Number of protein chains: 2
Amino acid sequence: MNRPTLEAVAARAGVSKSSVSRVINGATTVAPSIREVVLRAVRELGYVPHAAARNLATRRTNAVALVVSDPPKGLVSDDPMFSAVVRQASRKLEAAGKQVVLMLAGSEDSRARVARYVAAGHVDGVMLVSMHGADSLPASLARKGIPIVSLGRTNPAVPYVDNDNLGGADLAVRHLLRQGRRRVATITGPLDMIASQERLTGYTGVLRETGHRSIVAIGDFTRVSGADAMRQLLQDDPGLDAVFAANDLMAVGALRTLREAGRRVPDDVAVVGFDDIEAALYTTPPLTTVHSPMADWAGATVDLLLGLFEGGTDEPVLLPAELVVRESA
Amino acid sequence: MNRPTLEAVAARAGVSKSSVSRVINGATTVAPSIREVVLRAVRELGYVPHAAARNLATRRTNAVALVVSDPPKGLVSDDPMFSAVVRQASRKLEAAGKQVVLMLAGSEDSRARVARYVAAGHVDGVMLVSMHGADSLPASLARKGIPIVSLGRTNPAVPYVDNDNLGGADLAVRHLLRQGRRRVATITGPLDMIASQERLTGYTGVLRETGHRSIVAIGDFTRVSGADAMRQLLQDDPGLDAVFAANDLMAVGALRTLREAGRRVPDDVAVVGFDDIEAALYTTPPLTTVHSPMADWAGATVDLLLGLFEGGTDEPVLLPAELVVRESA
DNA sequence: ATGGTTCGAGGGAGCGCTCCCTGACTTGGA
DNA sequence: TCCAAGTCAGGGAGCGCTCCCTCGAACCAT
């Protein structure tokens, strides 16, 4: 069960370690004859370079930490976002030859672990996924001196990619008003997240501009919280005729509450969500929502990080928002 | 930007490298005075052990590969399962001090990459998530001689944890018959997956036993495929009065098709799903389904792997199935 | 033919840590 | 008092790889 070393390959091929190393790493200054004999030895021995040894010598790991905030907190407490983002990020990173180390950052403990892990030199870079605004992690990681990017803007600014939360909310609310809705409520995400804040700001902005009153309930991006918040809103203002939920999952919860309360959608109450997850197609009625291209989003964030490795720009990227009109509003 | 080494700590503390190493690794044979002076030096220098160096010396990595099959193929093409499993597995592995390297196994390419990665000694163990029955990966990995477990049974057997697919399907179909349904159809998962096969076997088993005809359409565990399959079934047998979908996502798709076709659920057609994802609560009507405890499932798989590290048993584990009756059947 | 270049292979010093082994010192028993 | 046994700190040889440097060979121009 003893794995062959580079030295064993060298011995078998009758060349020096250096030459084997060159062949393995694709150096061009190698005579074809040597390359060939080395490659054969590699094949015969089933040689695979030892990762740790290589990392030690090169001081690079070819790995990237994908740090995702864990429920109950965090935008990605919702499944669709979690899987879309993690999947797409993994795909792109793997395609770029980077290994993905997944880390959940929930408790303070786990944050410390992430920091330690990064400090230990395990990874060449870090991709954060929608951390909370007040999160300490971005700052403490940035100090380590390795490239770090964030999907979703963070407070102590690290390079990020975000979608146009403000513009999206604006779009949604204007749509509702254009349909003649007068009392438009909103269900927000957790307010320590910048995305939630921006979506709320977009909502209040339009209402203020058009001289409407805002009706706000706070959720946490989960279905249950959407259902609860909707109940709350109906109690606060039984006459409301529209709801803008800061994400689709909460919109789904809201739909349920509305149905239970005997309100028809969209006749009595119009509902608009945000994100355009697949499930938005399958609600009754199908959900009108702000499309945010999760996969593109994750992809762009990976690109930003890969760019940083190459000394590229750390300019933030903003993805445009777009309203998808279905039947709920 | 030069990170302190163990040697620097030793110098600062005025002791040998060995002593520092002992303190860092919590050896008991260290005088309190030395331990203290070392710890202070560590603190002052902000020392963090270099991971690669340690891995090289110990030949252990403290990392585990979490290999998940990527869409379009694979049970976990569905979000809820993906996130529940990945999340829970990560949590437990991290709690056990293991790092999680996430790898998507989609194409043949990526399978080769996984194999190479494991061979490179990057990880101490591998956790597979519901690979296809015919997958080559389990076999090729098993040959590397490191612990490997699978969530969901695989064909060349590696130690696994699975839920009782057969029993669950049995439960579901009997429930439908008990309600007086006569023409019970099924929508299967991809048939190269063992889970799909077992659920189908459970279905046909009961029908044969009770002298009913089976009506089968093949899906792939996605919502869309469920909707398509349902259309197919309605065409094949317009008189059917019940459907057992091999997972909830397809059940959701089926519900939509039924609604579009003007069939009332459960009055005209009863629907039962499998998995009990959160969304099953939010369909109209809420979905009757076989509960499979994803998180427990993932957790048990992690436990199996951790057990293997300690020389524990490789006995497969089977989780019991349970029917959750809601309104759709 | 000779000196100057260029090119490519080999040698070997690390990378930072662990862990075995040695040896100084302490302790206990005879 | 002396020796055997037991502790515990230090020394140093690896772990497997990279990469700088040296050096020989081949080639060109003079």
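A note on names: the letters A, B, ... follow the listed sequences, proteins ahead of strands, and every chain is numbered from 1. On a predicted model such as this, the values are computed, not experimentally measured, just so you know.
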Novice: What is the distance, rounded to the nearest whole Å, between atom CG of L56(A) and atom C1' of dC19(D)?
Specialist: 14 Å

Novice: Are any of S16(B)'s side-chain N or O atoms less than 4.0 Å away from OP1 or OP2 of dA9(D)?
Specialist: no

Novice: Within the structure, does a side-chain N or O atom of T58(A) lie under 4.0 Å from either OP1 or OP2 of dT18(D)?
Specialist: no

Novice: Which part of the nucleic acid, if any, lies within contact of I34(B), taking any heavy atom under 4.0 Å across all strands shown: a base, the sugar-phosphate backbone alone, or nothing?
Specialist: sugar-phosphate

Novice: Answer yes or no: is there an ion pair linking E94(A) with K98(A), defined by an N-O contact shorter than 4.0 Å?
Specialist: no

Novice: Whole angstrom is fine here: how far is it from CG in L6(B) over to P in dG14(D)?
Specialist: 19 Å

Novice: Taking only the side-chain nitrogens and oxygens of S19(A), find out if one of them lies under 4.0 Å from OP1 or OP2 of dG10(C).
Specialist: yes

Novice: Determine yes or no for a side-chain-to-main-chain donor-acceptor pair under 3.5 angstrom, with S292(A) supplying the side chain and M294(A) the backbone.
Specialist: no

Novice: Please report the distance, rounded to the nearest Å, between CG in N25(A) and P in dG16(D).
Specialist: 17 Å

Novice: By nearest atom, which of the nucleotides dC19(C), dA9(C), dC17(C) is closest to the R22(A) side chain?
Specialist: dA9(C)

Novice: Can you find a side chain N or O atom of N55(B) that sits less than 4.0 Å from OP1 or OP2 on dC15(D)?
Specialist: no

Novice: State whether a side-chain donor-acceptor pair under 3.5 Å links S18(B) with S21(B).
Specialist: no

Novice: Angle between ring planes, F82(A) versus F82(B), binned at 30° and 60°: parallel, tilted or perpendicular?
Specialist: tilted

Novice: Quick one: K17(B) NZ to dG10(D) C1', roughly how many Å, whole number?
Specialist: 11 Å

Novice: Quick check for you: among dT18(C), dG16(D), dC19(C), whose closest atom lies nearest to any side-chain atom of H50(A)?
Specialist: dG16(D)

Novice: Expressed in angstrom and rounded to an integer, what is the separation of H122(B) atom NE2 from dG16(D) atom P?
Specialist: 15 Å

Novice: Just by distance, no angles: are the side chains of T61(A) and N55(A) close enough, under 3.5 Å, to form a donor-acceptor pair?
Specialist: no

Novice: Do the side-chain N or O atoms of R59(B) get closer than 4.0 angstrom to the phosphate oxygens (OP1, OP2) of dG16(D)?
Specialist: yes

Novice: Without decimals, in angstroms, what is the distance between R60(B) CZ and dC17(C) C1'?
Specialist: 12 Å

Novice: Atom CZ of R54(B) to atom C1' of dG16(D): distance rounded to whole Å?
Specialist: 18 Å

Novice: Distance check needed: dC17(C) C1' versus I24(B) CD1, whole Å only.
Specialist: 11 Å

Novice: Quick one: label A52(B) by what it contacts on the DNA or RNA (base, sugar-phosphate, nothing), any heavy atom closer than 4.0 Å.
Specialist: nothing

Novice: Ignoring the backbone of A57(A), work out which of dA9(D), dG16(C), dG16(D) is nearest its side chain.
Specialist: dG16(D)

Novice: Could you work out which one of dC19(D), dC15(C), dG10(D) sits closest to the side chain of S18(A)?
Specialist: dC19(D)

